[in-house]
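In what follows, chains carry the letters A, B, and so on, assigned in the order in which the sequence lines appear, proteins first and then strands, with residues in each chain numbered from 1.
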Amino acid sequence: MLRPLLELLNGTAFRPDPINSEVRMAERFSGKTVLAVGFRPGLIKAAPVRFARNGTVTVGQESTAAWAQNDGADVIRRFVQKAAGAAKTEDVVLVGSHQWLSNLTDITFPGSDRERNRLLVEEPNKIVGENAGEATVLAIVTHPTVSRTLKFAFTKAELLTDCAIFHGTGLRLSRLSSGCYAILRYLAEEAPESIKGKELLIVDGNSALMVFSNDTAWDDSGFVSGFRNAAEAAEKVGELVSRRTDPTARLAVVSTIELDAETAKLTGSNIEHLLTTQSNPDFFCVCSEGKEHVATDLNPEPSEPRPHLPKSRRAFVFSALAISLGCGAGAVAVNLATLREVREINAAHEAQNALISEGARISEAIGRIERDRAKADLLGKWVSLGVSVQPIIVTTVESADNGVSLDEFSLRTGDGAPQMEMKVVARGDSRRIGAYIDKVSNAFGAAGFNLSNLDQTPAPGANAIIFVGRYNYPIPSKISWKKE
Amino acid sequence: MNSRYLPAGIIVAICTVISVVALNSLNARAANVHADLGVAKLDLQEAQNKSIDAKAKLANASAGSKQVDQFLGSWGLYAEEGNALGGIVDKLSKLAYERNLITTRRPTPTREDYPFGAVSATVQVVGFGVSGSYSSILDWLGEVEAAFPYGRVESVIMRGRSNDIEMEIQLTFMIGITADGRTHASK
């Protein structure tokens, strides 16, 4: 689950698996490099093959090493690993030539190329006949002008032997092919004009294939293999060329090795060498495929490739991802903005609370000031209305002479009222008492009191008067005195 | 989409839907928060305005408070004196003793409904009686009034003659205000 998801996210799901032989190599390795390896008895060679994004294939600098059957597979493995490291790739294309072409049969198949290739993969017997046994791996090439198909039958056991060499390298075997097959397929499918009306000779280092152009059936009589060296190859190629019925007919030649022209009978103006710009035409042809044709992978036991999605789906998936990422980015932005606003809210609340607290303190201070004012006001009134009664008593009592005696004397204020009531029970001559009362009133007046009213009533007994005088306190003008 | 990527594709689709829904939800929440921010700013502005008003009121109220403090500082101690009934009586007795006066004392409950101007005050009333010579009693009264400038002699009753005078006085000390809800003046 996780791996497909990751492949979907990083785009791998839309790229074909490098080992998917049903997909053109240019598509599998677009913008990448693979290592092409070819070996035959005595020699192993390798070269990086670069697949440009525009579809062009470029074979790079070749490296070679001597190899003998006695050396074992380790020599090949080390060489391949070193070359792959230099090419910075993990994908290897193996181009073999030794002993693979065990059968070469001309067959007729009138179907289209697409149909032929499909059937070759799915139902090979319909193309190659009933003898397509399980021990054989097939590849076919249809002549570009003659409605004939050449069948290559490879022994599966030999292919597996070659595949096994690479199992210990840690590299991916992206394609297993044959030099002759690959070159013939390339010329027939991708460069048919170059071989139309010509006979064709293909030499891949260990075998040579002669395709006669006599409008008759192809057969295996044009194939020889098992070269041990270039001299032997030139000799056997010469034998093939000499079998031509019309030596003057044009002969197209593709060779991956240097041949002695005289021995190979490849002299004359009718000889046309093809793919001369390619230092390794077999590597180039193995890796070059048109948009319509996919070369057959001879790997008899290919690994199950990872399926891939058509690129048209990528827009949907990436759109979904873009939406998700956009939403995610939007969510982050919204969250950040919200977080900032939440902080602003908290700051506003804190400031508001601080102001409220300050307001409470101010209110408390105002309350305290008002209480102090009230207290001071009250104290002021209380203190201002304080009157020393002792001088009044002295004046009142000591004025009672000259025949006036006092039976009782009292001073009283009424429950805090700014009024003092003086009660005197005086005895004596009425005229003297009147004078006394005037004197007392004057004394009160001198002390700041104002006479409010004066009552005089006779007291029991002779010449006695109850005198009650009410005097208002001397209230300072700055003090308001309102009794509710 | 082949079976290898179908579950992953479903997950991507679900994630996309969740992302869209979550973003919408976040947007709604952000809108609420934004609205809350507006309210908070308005509240803050209102609080700032109130604070400015309160400071102005405080400044206004503080004007002249120094004189009030000075006045309270001058008379506060005397005002506190009214709360100490035992101390008042002791002082009255002491002054009477120094004048060789005989003392009498009456129960003096605290009153809370004492009318004083526009307010109703709480007062401590101290009734005290002395008997002795006229001059001693009046001297004693003068000393009492001098000793308790905050005390208000609200009642003086004097009977008798010459060297056998009885005097009852009633000293009132204001210790608080109750009727209009303001706190006690002496506190």
Side-chain angles (χ1 to χ4, degrees), chain A residues 1 4-5 8 13 306-307 309 313 317 320-321 323-324 327-328 330-331 334-335 337-338 341-342 344-345 348-349 351-352 355-356 358-359 362-363 365-366 369-376 378-383 386 388-390 393-394 408-413 415-416 481-484, chain B residues 1-2 4-5 7-9 11-13 15-16 19-20 22-23 26-27 29-30 33-34 36-37 40-41 43-44 47-48 50-51 54-55 57-58 61-62 65 68-69 71-72 75 79 114-119 138 141-142 145 149-150 152-159 174 177 182-183 185:
Chain A
M1 175 66 83
L5 183 61
L8 207 59
R306 170 182 56 77
L309 299 172
R313 300 284 176 83
V317 174
L321 289 175
I323 290 172
S324 297
C327 288
V334 168
N335 264 333
T338 303
E341 291 195 337
V342 166
E344 286 184 40
I345 289 174
H349 283 163
Q352 186 183 356
L355 288 173
I356 290 172
E358 185 186 45
I362 289 174
S363 295
I366 291 173
I369 290 171
E370 288 177 348
R371 284 195 302 276
D372 287 348
R373 281 233 168 103
K375 182 178 173 182
L378 196 64
L379 278 174
K381 287 177 181 175
W382 187 263
V383 171
S388 179
V389 298
Q390 192 236 27
I393 294 172
V394 170
E408 184 180 338
F409 173 83
S410 68
L411 285 175
R412 192 186 305 275
T413 59
D415 276 355
W481 186 272
K482 181 181 178 184
K483 179 140 185 179
E484 292 176 345
Chain B
M1 190 170 288
N2 61 49
R4 176 183 171 87
Y5 295 110
I11 289 174
V12 170
C15 288
T16 303
S19 299
V20 172
L23 183 59
L26 284 174
N27 276 332
R29 178 172 171 265
V33 170
H34 191 70
D36 290 346
L37 177 60
K41 284 182 176 177
D43 290 346
L44 178 60
Q48 286 172 336
K50 286 183 177 177
S51 176
K55 286 178 179 174
K57 286 180 181 175
L58 177 61
S62 298
S65 63
V68 171
D69 291 341
F71 180 78
L72 289 177
W75 284 96
Y114 185 90
F116 187 73
V119 300
L138 285 187
L141 179 60
E145 287 189 314
Y150 187 68
R152 181 176 180 181
V153 179
E154 290 203 323
S155 174
V156 178
I157 299 173
M158 193 166 65
R159 299 185 189 87
M174 187 185 325
I177 305 169
R182 287 185 288 181
T183 54

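- Highest contact tally toward chain A, considering only B:Asp69, B:Asp43, B:Asp36, B:Val153, is held by B:Asp43 [criterion: heavy-atom pairs under 4.5 Å].
- Proximity to chain B (any heavy atom under 4.5 Å) is shown, for A:Glu344, by both the backbone and the side chain.
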task: For A:Leu309 and B:Arg4, run side-chain contact (heavy atoms from CB on, under 4.5 Å): C-alpha distance rounded to whole Å, both residues' side-chain angles, the deciding distance at 0.1 Å, then the answer.
output: CA-CA 10 Å; A:Leu309 299 172; B:Arg4 176 183 171 87; over 6 Å; no

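- Counting heavy-atom pairs under 4.5 Å between each of B:Lys57, B:Arg159, B:Arg29, B:Met158 and chain A puts B:Met158 at the top.
- Counting only heavy atoms from C-beta outward, the side chains of B:Leu141 and A:Val389 approach each other to under 4.5 Å.
- For the pair B:Ala40 and A:His349, the tightest heavy-atom approach, listed with the atom from each and the gap, is CB-NE2, 4.0 Å.
- Judged by distance alone, with hydrogens and angles left aside, the side-chain atoms of A:Arg373 form a donor-acceptor pair with the main-chain N or O of B:Ala61 at under 3.5 Å.
- For the set A:Ala337, A:Pro4, A:Ala331, the count of heavy-atom pairs under 4.5 angstrom toward chain B peaks at A:Pro4.
- Both the backbone and the side chain of B:Leu37 come within contact range of chain A, judged by heavy atoms closer than 4.5 Å.
- Note: B:Lys55 leads B:Lys55, B:Lys50, B:Lys41 in heavy-atom pairs under 4.5 Å with chain A.
- Of the possible polar contacts, none joining the A:Ser324 side chain to the B:Ser19 backbone as a donor-acceptor pair under 3.5 Å is found.
- For A:Ile369, the part sitting under 4.5 Å from any heavy atom of chain B is the side chain, from C-beta outward, and nothing else.
- Contact of B:Leu44 with chain A is made through backbone and side chain together, with heavy-atom distances under 4.5 Å.
- Here the closest non-hydrogen pair linking B:Phe71 and A:Ala376 is CE2-O, 3.3 Å.
- Contacts between B:Ala22 and chain A at a heavy-atom distance below 4.5 Å are absent for every atom of the residue.
- Nearest approach of A:Ile366 to B:Ala54, heavy atoms of both residues: CD1-O, 3.9 Å.
- Put simply, of A:Gly330, A:Ala365, A:Ser410, A:Ala351, the one with the most heavy-atom pairs under 4.5 Å next to chain B is A:Ser410.
- In this structure, CD1 on B:Ile157 lies 9.5 Å from CG on A:Leu411, to the nearest 0.5 angstrom.
- In terms of heavy atoms, B:Val12 sits closest to A:Ala320 at CG1-CB, 3.8 Å.
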- request: Show the numbers, then the answer: is there a side-chain contact (heavy atoms from CB on, under 4.5 Å) between A:Thr338 and B:Leu26?
  value: CA-CA 9 Å; A:Thr338 303; B:Leu26 284 174; over 6 Å; no

